Structure formats: structure tokens, C-alpha cells
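One structure is given here, and the rest of the page talks about it.
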Amino acid sequence: METLAERHSTREFKPRELSDSTLANLLWAANGINRPDGHRTAPSALNRQEIDIYVFTESGVWLYEPISNTLLPRAEGDHRSILCGGQDFVTQAPVTLLLVANGDRFQMSGERATLMMAADAGIVCENINLFCSSAGLSTVPRASMDTEAIKKLLSLPDSQIPMLNNPIGY
Ligand SMILES: Cc1cc2nc3c(=O)[nH]c(=O)nc-3n(C[C@H](O)[C@H](O)[C@H](O)COP(=O)(O)O)c2cc1C
């Protein structure tokens with residue numbers, strides 16, 4: 001009840017970084033593996049587990065790999081500006097999590113598939129919102145971003161859709 005009561009969007013961030021353990025807990029809460037059979041903290045349509053999480057910081061971009069609970073490097077340097085979509089506060093957040101729906105893993109296409117992938121992304125996003133609320137972190141769910149620049153940076157094919165992002169900090 002307390003976590004839900006505290007959940008709200010924040011668009012101002014202090015420079016304070018997240019510790020590695022806080023980031024690890026955040027990613028696990030967002031969409032980590034919570035059962036021996038590989039199921040995740042976030043449900044997904046048909047259990048396709050198609051939502052990937054990219055971590056943007058001042059020093060680079062990584063892909064969260066839930067099986068080993070590790071981060072796979074995807075780009076060096078500060079690319080947070082392509083997530084702004086006209087909202088400069090995003091570059092003040094030490095971490096932004098980008099949720100990408102992997103349509104190839106979803107194995108279905110068309111409007112209904114896109115709707116289900118959007119729902120799946122929304123659930124991961126709410127896991128992030130609620131973890132932040134419970135851990136004293138600030139965040140805001142966002143759809144604004146430069147999707148073409150993101151696809152180029154991360155070499156995403158058209159089947160992978162940037163859905164939402166969450167800037168996170170204190
Ligand atoms: C799907 C979705 C997209 C959103 N996109 C943005 C956005 O691009 N920029 C932004 O500042 N807030 C965005 N928001 C946050 C909403 O504006 C915010 O949740 C709403 O005003 C309610 O405020 P609350 O989250 O504090 O309850 C988005 C929220 C959702 C659910």
C-alpha cells in the first residue's frame with residue numbers, strides 16, 4: 001500500500017549515481033527471472049518475454065541479460081540525448097532504462113501483436129515505477145524519444161520497437 005501510495009512521476013534528478021547493487025535490483029525487479037523455469041517478474045503475452053531493457057548512462061549503453069544478470073555493452077559514451085524527445089531533464093537522470101519490444105521473439109505481427117507488446121512493455125514499466133517508489137528513487141514513464149536515432153545507434157531492425165523509457169535517479 002505504501003509503495004502504491006508513494007508512486008508518482010518526477011522530472012527532476014540530483015546528480016547522485018545509482019550504486020551497482022541498486023541498478024541490479026532495479027533491473028531484476030523490472031524484468032528479471034524469478035522462477036527456476038525462467039519465468040520473469042513481469043508477465044508477458046504467451047510468455048514470449050519479448051521486452052528487452054537497454055541501460056543508458058553517461059558512460060555508455062548496455063543490454064540487460066537476465067539469465068546471467070549481467071549487462072552486455074552496446075555503445076560507448078553518453079547517448080542519453082536521443083531519449084529526450086524535447087525534454088532536456090532526461091539527461092540529468094544518471095540512468096535511463098529503454099524498453100524495446102523484440103517482434104522476432106514475439107513470433108506474431110500485425111495490430112494485435114503490437115498491442116500485446118505494448119501491454120507487455122507497460123507492465124515492465126510499472127514494475128520499474130513501483131520498484132523506484134519502494135526504493136526511494138525517482139522516475140517517470142515516457143513515450144517521447146528519438147526512435148530513429150535509437151534504432152540506428154543500437155542497430156535495431158524494424159521488428160524491434162522502442163516502446164517506453166524511464167529516466168531514474170534521486
Ligand atoms: C504511456 C505513457 C507515456 C508517457 N510519456 C511521457 C512523456 O513522454 N514525457 C513525460 O514527461 N511524461 C510522460 N508520461 C507520464 C505521464 O504524463 C504521467 O504519468 C501522468 O501525468 C500522471 O502523473 P503521475 O505519473 O504522477 O501519476 C507518460 C506516461 C505513460 C503511462
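All of these numbers come straight from a predicted model, not from anything done at the bench. Whatever order the structure lists them in is the order used to number ligands and atoms, beginning at 1. Both backbone and side-chain heavy atoms feed into the values below; hydrogens, waters and symmetry mates do not.
What sits closest to atom 3 (C) of ligand 1 on the protein, heavy atoms only, is Ala143 N, 3.7 Å. The protein heavy-atom contact nearest to atom 13 (C) of ligand 1 is Pro141 O, 3.0 Å. At the top of the distance list for atom 12 (N) of ligand 1, counting protein heavy atoms only, stands Arg11 NH2, 3.2 Å. Protein heavy atom in closest approach to atom 22 (C) of ligand 1: Ser9 OG, 4.8 Å. The protein heavy atom nearest to atom 1 (C) of ligand 1 is Leu164 CD2, 3.8 Å. The nearest heavy-atom contact from the protein to atom 9 (N) of ligand 1 is Gln87 OE1, 2.8 Å.
Of the possible polar contacts, none joining the Arg7 side chain to the Glu126 backbone as a donor-acceptor pair under 3.5 Å is found.
The option from Pro167, Ser144, Gly122 that lies nearest to atom 8 (O) of ligand 1, judged by heavy atoms, is Ser144.
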Which pairs would a plain distance check flag for residues 83-92, meaning a side-chain donor or acceptor within less than 3.5 Å of a matching protein atom at least two apart in sequence or in another chain?
unit_1: Gln87; atom_1: OE1; unit_2: Arg142; atom_2: NE; d: 2.9
unit_1: Gln87; atom_1: OE1; unit_2: Arg142; atom_2: NH2; d: 2.9
unit_1: Thr91; atom_1: OG1; unit_2: Asp88; atom_2: O; d: 2.9

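Close approach of ligand 1 to Val140 is summarised as follows: ligand atoms under 4.0 Å from at least one heavy atom of the residue are 12 (N), 15 (C).
One side chain, Asn166 or Thr139, offers a donor N or O that lies under 3.5 Å from an acceptor on the other.
Contact record, Pro167 with Val140: CD-O, 3.2 Å, taken as the closest heavy-atom pair. Nearest heavy atom pair, residue Leu18 against residue Gly169, reads CD1-CA, 4.0 Å. Looking at every heavy atom in both residues, Ala45 comes nearest to Met116 through CB-SD, 3.7 Å.
Ligand 1 has at least one atom lying under 4.0 Å from a heavy atom of Arg7.
Ion pairing between a basic and an acidic side chain is recognised when a charged N comes within 4.0 Å of a carboxylate O; Asp52 and Arg105 show such pairing.
Proximity of atom 28 (C) of ligand 1 to the protein is indicated by at least one non-hydrogen atom lying closer than 4.0 angstrom.
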